[in-house]
Amino acid sequence: MASDPTPATSPPQSAQADATPPARATDRLLPDKTGAELVVHVDLGRCEGHGKCYGHAPELFDPFDDEGHARLVGGPIDPADCERVVQAQVAIDSCPEAALSWQAHDAADKPHERDEELD
Amino acid sequence: MDYFQEYWHYDSPLGADGTPYDYYLEFRDWALRTDRQIGWSEKEGGFWLVVGYEACRDVYMASRELTNRESTFPVYKTPSGRPLMIGAMDDPEHKKYRKLAAPPFSPKSAESIAQLIRETTNDLIDSFIADGRVDIVASLANEVPARAISIILGLPAEQGDIYRSWTHAMAQEFYSRPEAAAKTIAEMDAWFAELLVERRQNPGNDVLSHLLQAEADGEKLTDEEVYDFFVILLLGGIDNTTKLLSNFAWRLAWDTTLRHRLIESPQLMMTAVDEALRFYSPATTVRVVGHEAVSMHGCDMRPGQFVVKMLPIVNRDPREFPDPDTFRPDRTPNRHVALGLGIHRCLGAHLLKMEARVAMTELLRRIPDFELDPDDNTSWLHGHISGMQRVPIVFESGEAERHVS
């Protein structure tokens, strides 16, 4: 290349930024619910349909309306299923609105009850 | 020096790379050192400027105290003089209208036109691939979004230049050349009036036809309301996406490591698009107005005062984004605010990301090697939406995949 167009502000560092699993997804995994099945609660009072959760974890979340509001699909998550747990944690950490959270399955029987005003 | 006091985005100096990011990052580092997330600028009558991520979230969430009435900065010149449909409204009015426009922008609808966008992108590439050089903004970044929104609005797709002259008049020119802008806007006015007559007679499967039949609170929309929808969809549909594609293509032209990585791992394109949005946020200054007095991060905001979110700096806040000045195509999580937060989250977010993903994937497939033209210059456009407006590149010429006229 004749001249190096690399801007001073951003040297091409992306080589070093290799795929690393997100640290936050593994260090505080699994709330204290040993053995209990987990669900990810989607607070529809907060969800604004950004789609980060189903973008990262399409097997766990999908959009259910025109605005792209999300819901959990595929049933509760087995805490022993590391792959799904990590996927769910990445989705939780990625939500710009902080609308997602872990819940023990039995506590989440009626997850959307208080969010019903949302249409 | 107080960076806040002097801030006015049209004055942001460009660095050696042709972008204002040297200056933005100097500003950020100073704000970090002095521990200030919000400050007061004396320019343009004075306004609060938000540069910290946490403060930006707080401002987005305070939709009761801070209203969206004048959300662009400067305020766009709309034909009617009415505030921008949806964008400059507050709930519950905002919600009522937004619901009407939402269906074509759902994640599913966006994906349903992905194949059309792929074909469009390839037709555009066909038109210049034999030349070995092109301004990628004029020939691709300007065109893809204009054609996508044409599909959704049911407009002739080849009139991208005209639509862009309208959005340019409303978003930029009214500020620099008000008379020329007024003339252009009058032309748009007349064109739309004709279109409306035509759509009433021959309704199609497009947004405008749907809006003509839609009801809000049991009442049909007025012609003015349909026009206001048209204006916001055109403005929102073209400018932001064009700048995203332009900035991303510029980056790929000199960042060969990134380019090779995306060619080898095309599945990274989805997160890479979000990273491009974070790294070079096109929406620069998103504004709200004080409705009730509120105090945030040591600043007492009074009713009537403007509060401007400086998204390019917010999205480089190291307290939210580790290693914020490294472009990581796989950055996860990436809670950038380039498409807004809260109730005003960009209505076209899913469409925009699909367009960028498809257009960039096809560009890299067809032209895997390209670089900035050493005999030409890029140029940057400052504004409410800012970014590269000219990115001349050179590459080894290739062949068209379809017959081009």
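As a basis for the values below, the full set of heavy atoms in this structure was taken, side chains included, without hydrogen atoms, waters or symmetry mates. Numbered from 1 within each chain, the chains take letters A, B, ... in sequence-line order.
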- Which residue out of B:Ala102, B:Gly18, B:Ala110, B:Cys346 racks up the most heavy-atom pairs below 4.5 Å with chain A? B:Ala102
- Step by step, would you call B:Thr332 with A:Ser94 a side chain to side chain contact (heavy atoms under 4.5 Å, CB included)? CA-CA 7 Å; B:Thr332 308; A:Ser94 297; 4.0 Å; yes
- Scanning both residues in full, the closest heavy-atom pair of B:Leu341 with A:Pro96 reads CD2-CB, 3.4 Å
- Message: If you compare all heavy atoms of A:Glu67 against all heavy atoms of B:Leu347, which two are closest, and at what distance to 0.1 Å?
- Response: OE1-CD1, 4.4 Å
- Are the side chain of B:Arg345 and the backbone of A:Glu48 linked by a donor-acceptor contact shorter than 3.5 Å? yes
- So does A:Glu83 have more than 12 non-hydrogen atoms from other groups sitting under 6.0 Å from CD? no
- To the nearest 0.5 Å, atom CZ of A:Arg46 lies from atom CE of B:Met61 at 7.5 Å
- A:Asp66 to B:Pro103 - nearest heavy-atom pair and separation: OD2-CG, 3.2 Å
- Among B:Pro322, B:Gly342, B:Ser265, which has the most heavy-atom pairs under 4.5 Å with chain A? B:Gly342
- Message: Just so I understand: if I count every heavy-atom pair under 4.5 Å between each of B:Met270, B:His350, B:Lys353 and chain A, which residue has the most?
- Response: B:His350
- Does CD in B:Glu215 sit with more than 12 non-hydrogen atoms of other residues, nucleotides or ligands closer than 6.0 Å? yes
- Heaviest contributor of heavy-atom pairs below 4.5 Å to chain A, chosen from B:Leu268, B:Ile343, B:Leu339, B:Val337, is B:Ile343
- NZ/B:Lys108 to CG/A:Asp62 distance, rounded to the nearest 0.5 angstrom? 7.5 Å
- Note on the structure: Applying a strict 4.5 Å limit to non-hydrogen atoms, the region of B:Ser109 in contact with chain A is neither
- Taking every heavy atom of B:Asn334 against every heavy atom of A:Lys52, the minimum-distance pair comes out as O-NZ, 2.6 Å
- Query: Crowded around B:Arg64 CZ? As in, over 12 foreign heavy atoms under 6.0 Å?
  - Reply: no
- Within 6.0 Å of CZ in A:Arg84, more than 12 heavy atoms from elsewhere: yes
